[in-house]
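Please read these numbers as outputs of a predicted model, since none were measured by experiment.
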Amino acid sequence: MFEENKVLTTLTSKVNDLLEKYDEVTKTNEDLHNQIVTLKAQNEAKTNQIARLEEELNKKNSETDDVLKKIEAVLGK
């Protein structure tokens with residue numbers, strides 16, 4: 001009888017340890033998931049910002065080319 005109680009106590013302790021570790025891992029997993037969601041949103045925002053800046057740069061380059069062509073036309077006359 002005493003041996004059975006000892007085994008039951010040991011098993012209960014180990015199960016409780018496992019449940020505690022499971023809760024810790026679940027919490028860590030949730031934290032990591034939230035970090036991934038945040039980083040994906042930041043990445044999308046940066047990607048949109050880069051696209052906008054590239055578009056602005058292309059527009060500025062086009063405007064510069066137009067001005068240069070006008071200058072060359074005036075100088076060529």
For K27, check side-chain hydrogen bond (donor to acceptor under 3.5 Å, both in side chains) against everything at least two apart and list the hits.
D31
How many angstroms lie between CD in E72 and CG in D65, if you round to the nearest 0.5 Å?
9.5 Å
Could you grab the distance from atom CG of N43 to atom CD1 of I36, nearest 0.5 Å is fine?
12.5 Å
Under the salt bridge (charged side-chain N to carboxylate O under 4.0 Å, His left out) rule, what pairs show up with a residue in residues 33-42, not counting sequence neighbours?
none
So, S13 side chain and T9 main chain: donor-acceptor pair closer than 3.5 Å or not?
no
Can you list every pair that meets salt bridge (charged side-chain N to carboxylate O under 4.0 Å, His left out) and has a residue in residues 41-59, with sequence neighbours left out?
R52-E56
Suppose we screen for side-chain contact (heavy atoms from CB on, under 4.5 Å). Which residues come up paired with V7, at least two apart in sequence or across chains?
E3, L11
Test S62 against D66 for side chain to side chain contact (heavy atoms under 4.5 Å, CB included), laying out the working first.
CA-CA 6 Å; S62 178; D66 289 345; 4.2 Å; yes
For residues 15-23, run the donor-acceptor check on the side chains, cut-off 3.5 Å, and write out each pair with its distance to 0.1 Å, sequence neighbours left out.
unit_1, atom_1, unit_2, atom_2, d
N16, ND2, T12, O, 3.2

Who else is in L53's hydrophobic cluster (ILVMFWY, side-chain heavy atoms under 4.5 Å, direct or via others)?
none
